[in-house]
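Below you'll find the structure, written out as structure tokens, and then a few comments.
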Protein chains: 2
Amino acid sequence: MRYEKGHKEETHRKIVATAAARFRKDGIESVGVADLMAEAGLTHGGFYSHFRSKEDLVRAAMEEASCHSVNNFACRIEEGGLERWIRSYLRIAHRDHPEKGCAAAALASELARLPKTSRTVFSESLERMTTSIASHLPATLTPAGKRKTAIAIFSTLVGALQLARAVVDPAHSEEILEAGIASALDLAGISSSRQ
Amino acid sequence: MRYEKGHKEETHRKIVATAAARFRKDGIESVGVADLMAEAGLTHGGFYSHFRSKEDLVRAAMEEASCHSVNNFACRIEEGGLERWIRSYLRIAHRDHPEKGCAAAALASELARLPKTSRTVFSESLERMTTSIASHLPATLTPAGKRKTAIAIFSTLVGALQLARAVVDPAHSEEILEAGIASALDLAGISSSRQ
DNA sequence: TGTACATCAGTGAACGCGCGTTCACTGATGTAC
DNA sequence: TGTACATCAGTGAACGCGCGTTCACTGATGTAC
């Protein structure tokens, strides 16, 4: 063969990674196949030997961007625990770099309009996220209470990050991030400087 | 003139109302000018005697869809107070009818990518929303505390509504709405059945 | 009162452009003999 | 060891289509005389 073994897989991975970043940065609809392939160092014709359609790539990119795969912000709740993770999620760098961040916050309103197959990928990733947050909540809560609280925390984080991104005034934007952190920590049972 | 007085204004209003609904339902990019004009009972050519560009219409539609204008869900916090408003915001009918609902939840992730002029319209509407929520919070909070809490409540509502719309399983979706309500009521200092 | 003209909201053909997708092709390599 | 052929990842021209936008036009009405 023309290319060394594993070359195609490598290319495939590169396209998915490029798409996962561009979709989160510019939205799914705004990013064209040709544009994406060029960014991956290829021509657009080859796209269909890797994917059956753009929608097929969207699904793969959603999987890639989901919280279970590598992700600069708010991926797994590592050591440092929930507080650190919450602060990391609503930090300014995450607000300013959606392309490396949480897919839910970057694409939520577009997500709701996607075909069911793509939404299923997202649903599963949200479920993992919820379970992960719940497992870090205080033992004083019942399992059902943990789950409910975990969903509320994630809703707050997603909402706050999006509002912080949409607003024009930087001070207002930071105020939203801080309000989100305070509220999420509160929900998590972590005492914060809430007045 | 061919048409009675006020006819053009009437048409203008109809286009904006149609756009405000369709943008929230299908996203801004997905909705074409010709499609929109047809839905308003007109042909696409006349569009540019009403607006300078599609972007101009987006701004007008954002204004129309903002919480200060008439809106079936979660518009003003009327009598019935904050609790009723929160429950109304996260009710199933709002989830299922983004075209009549909150623009922030319907468009948040697209909003962040819009030009500054459109985002300014949104920012102002968010500011009004924040003030309105804050004014209904218990007097035990300081003004700064009220503001922070108001932002957190709105973040939670926006995030929860979007996640509820994105998820595939109806039971999971309703669970998200309920978790959002419980958490928002909690933040608002209204005792709820949180376990 | 009757005629000629100006107005202007709305029409619909046409524009250049970029989209997702298809397909005949290229050309460096591995394999068969 | 040398030659002929099969493979197949990637190329780039071309497809139909819908987009936002432009513009010459229509035709019912109000106005001027």
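These numbers were taken from a predicted model, which means no experiment stands behind them. Below, read A as the first sequence line, B as the second, and so on, with proteins coming before strands; counting in each chain starts at 1.
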Footprint string (nucleotides 12-25 of chain D, 5' to 3'): B base within contact, S backbone only, - free, heavy atoms under 4.0 Å: BBB-----SBBB--
Nearest atoms (heavy-atom pairs only) where Thr130(B) meets Arg147(B):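 Closest heavy-atom pair between Thr130(B) and Arg147(B): CG2-NH1, 3.9 Å.
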Rounded to whole Å, please give me the gap between [atom1] in [X] and [atom2] in [N].
X        : N       : atom1 : atom2 : result
His7(B)  : dC8(C)  : NE2   : C1'   : 11 Å
Glu10(B) : dG10(C) : CD    : P     : 10 Å
Lys8(A)  : dT7(D)  : NZ    : P     : 15 Å
Leu42(A) : dT11(D) : CG    : C1'   : 10 Å
Glu9(B)  : dA9(C)  : CD    : C1'   : 11 Å
Ile15(B) : dA9(C)  : CD1   : P     : 12 Å

Base-pair map of DNA chain D as dot-bracket, where | denotes pairing with a different strand and pairs are Watson-Crick or G-U under 3.5 Å: .||||||||||||||||||||||||||||||||
His50(B) vs dG10(C): side-chain N/O to OP1/OP2 distance below 4.0 Å: yes
dA9(D) OP1/OP2 closer than 4.0 Å to side-chain N/O of Thr11(A):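 The answer is no; no side-chain N or O of Thr11(A) sits under 4.0 Å from OP1 or OP2.
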ring-ring contact (aromatic ring centres under 6.0 Å, His included) contacts touching residues 10-34 of chain A (sequence neighbours left out):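 Listed once each, the pairs are His12(A)-His50(A), His12(A)-Phe51(A).
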Interatomic distance, Leu157(B) atom CG to His94(B) atom NE2 [nearest 0.5 angstrom]: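 Here the rounded value is 10.0 Å.
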